[in-house]
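Position 1 is the first residue of the sequence, and the numbers go up from there. First listed ligand is number 1; within each ligand, the first listed atom is number 1.
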Amino acid sequence: MSIVYGPVPSWRLGRSLGIDLLSTKGKTCSFDCIYCQLGRTVNPLTERKQFVSLSQVTADLERVRGISADYATFSGVGEPTLASNLGEAIRLVKSVLKLAVAVLTNSSLMPREDVRRELTLADVVVAKIDAPNEELFRQINRPYPQCTFGEIIRAIKLFRGEYQGKLALQMMFIKANRSYASEMARIAEQLSPDEVQINTPLRSCAVQPLTPKDISAIQREFSKLGRVVTVYEASRPQVVPLDLKETLQRRPES
Ligand code: SF4
């Protein structure tokens, strides 16, 4: 299976060519979010390791050299910062594909200095925060014990000071955190993101999405933040994936 999939139509990144540095059979993640569209985490992990060799990364990138996309996006079947060769892979993508690079992360490994350093190589980092406190964090994201909410918030703040690229916060709103929008907006204000992305799970999963009216009310709580986008307002480009089967394994209902 190639590590490259898509391109997929992303409401946040336009035509997004997916790079899956994990490429494991089931989901490999430090979280087991209740709304995850990939199902339950079958490979729970909080330590970094190499899943795919750099020679495979190079070979798979060479096969799509010249492809047109707005971003090459590190995502896939789990948390991309778990791959210990993420930094080298970002450099390879930039040199072979000449595309801007985005990384979608659940933020859990950002307390690590090596992870923050590697993320600074990306043009866009989209960091997840779905809760305003430890209790809801454990309820919604179901992290493995080592991760704590406070540490993650401190790490994103540190990263903001170190990073010149575009930092976006992605916030998934569901019934469990709907009434905490104001607290989450105050947290976002402290982190000075370039953008806040307000989401609700529109693809099939175990949790119902909030309505457009709910999301508009949540968006109003973020009025002090510069740029705030919501999943209901965004447009998606038309794209045709290179291999639909491989794409659907990483992104159901692409
Ligand atoms: S962090 Fe992402 S991949 Fe991991 S469980 Fe949550 S939604 Fe799924």
Side-chain angles (χ1 to χ4, degrees), residues 1 3 5-6 8 10-13 16 18-49 51-52 73-84 86 102-112 115-116 119 122 124-132 134-149 151-153 155-156 159 167-177 184 196-210 231 246-254:
M1 192 163 77
I3 64 153
Y5 64 97
V8 295
S10 164
W11 68 276
R12 302 170 288 192
L13 296 164
S16 166
I19 311 284
D20 183 359
L21 265 193
L22 308 177
S23 292
T24 49
K25 198 138 192 269
K27 185 180 45 166
T28 300
C29 198
S30 47
F31 287 1
D32 192 12
C33 302
I34 57 174
Y35 58 77
C36 185
Q37 52 151 351
L38 298 168
R40 298 301 303 259
T41 299
V42 294
N43 306 309
L45 198 65
T46 51
E47 289 303 316
R48 306 186 86 194
K49 67 176 214 177
F51 297 84
V52 176
T73 305
F74 285 81
S75 181
V77 290
E79 170 51 35
T81 62
L82 285 168
S84 55
L86 175 66
V103 181
L104 309 186
T105 177
N106 67 14
S107 320
S108 64
L109 277 82
M110 286 175 82
R112 291 180 59 128
V115 169
R116 293 198 308 279
L119 286 173
V124 178
V125 172
V126 182
K128 177 192 293 300
I129 303 176
D130 296 334
E134 187 75 35
E135 191 187 340
L136 266 185
F137 170 57
R138 301 222 158 257
Q139 187 187 325
I140 296 171
N141 300 115
R142 297 189 294 200
Y144 289 90
Q146 292 88 332
C147 312
T148 71
F149 178 73
E151 252 185 8
I152 289 174
I153 298 298
I156 298 175
F159 181 68
L167 173 65
L169 299 180
Q170 55 164 331
M171 295 185 160
M172 184 69 89
F173 279 94
I174 54 178
K175 193 174 162 208
N177 60 358
M184 288 172 64
V196 177
Q197 302 168 348
I198 296 178
N199 204 354
T200 195
L202 296 183
R203 297 193 218 130
S204 303
C205 70
V207 173
Q208 289 298 309
L210 299 183
V231 67
E246 288 195 357
T247 298
L248 289 175
Q249 283 173 345
R250 274 69 170 248
R251 191 171 145 142
E253 299 167 49
S254 270

I would like to know whether S84 and K49 meet side chain to side chain donor-acceptor pair (under 3.5 Å); could you show each step before the answer? CA-CA 5 Å; S84 55; K49 67 176 214 177; over 6 Å; no
Please report whether the ring centroid of F173 lies less than 6.0 Å from that of Y35. no
Using modelled atom types only, decide if a donor and an acceptor are shared between the side chain of Y5 and the backbone of D20 within a distance under 3.5 Å. no
Gap between atom CG of N177 and atom CD1 of I140 - 0.5 Å precision: 4.0 Å
The protein N, O or S atoms lying under 2.8 Å from atom 4 (Fe) of ligand 1 are C29 SG
Nearest protein heavy-atom contact for atom 2 (Fe) of ligand 1: which residue, which atom, what distance? K128 CE, 4.2 Å
Neighbour count >12 (heavy atoms, 6.0 Å) for atom CD, Q208: no
What distance separates F137 CZ from C33 SG, expressed to the nearest 0.5 Å? 8.5 Å
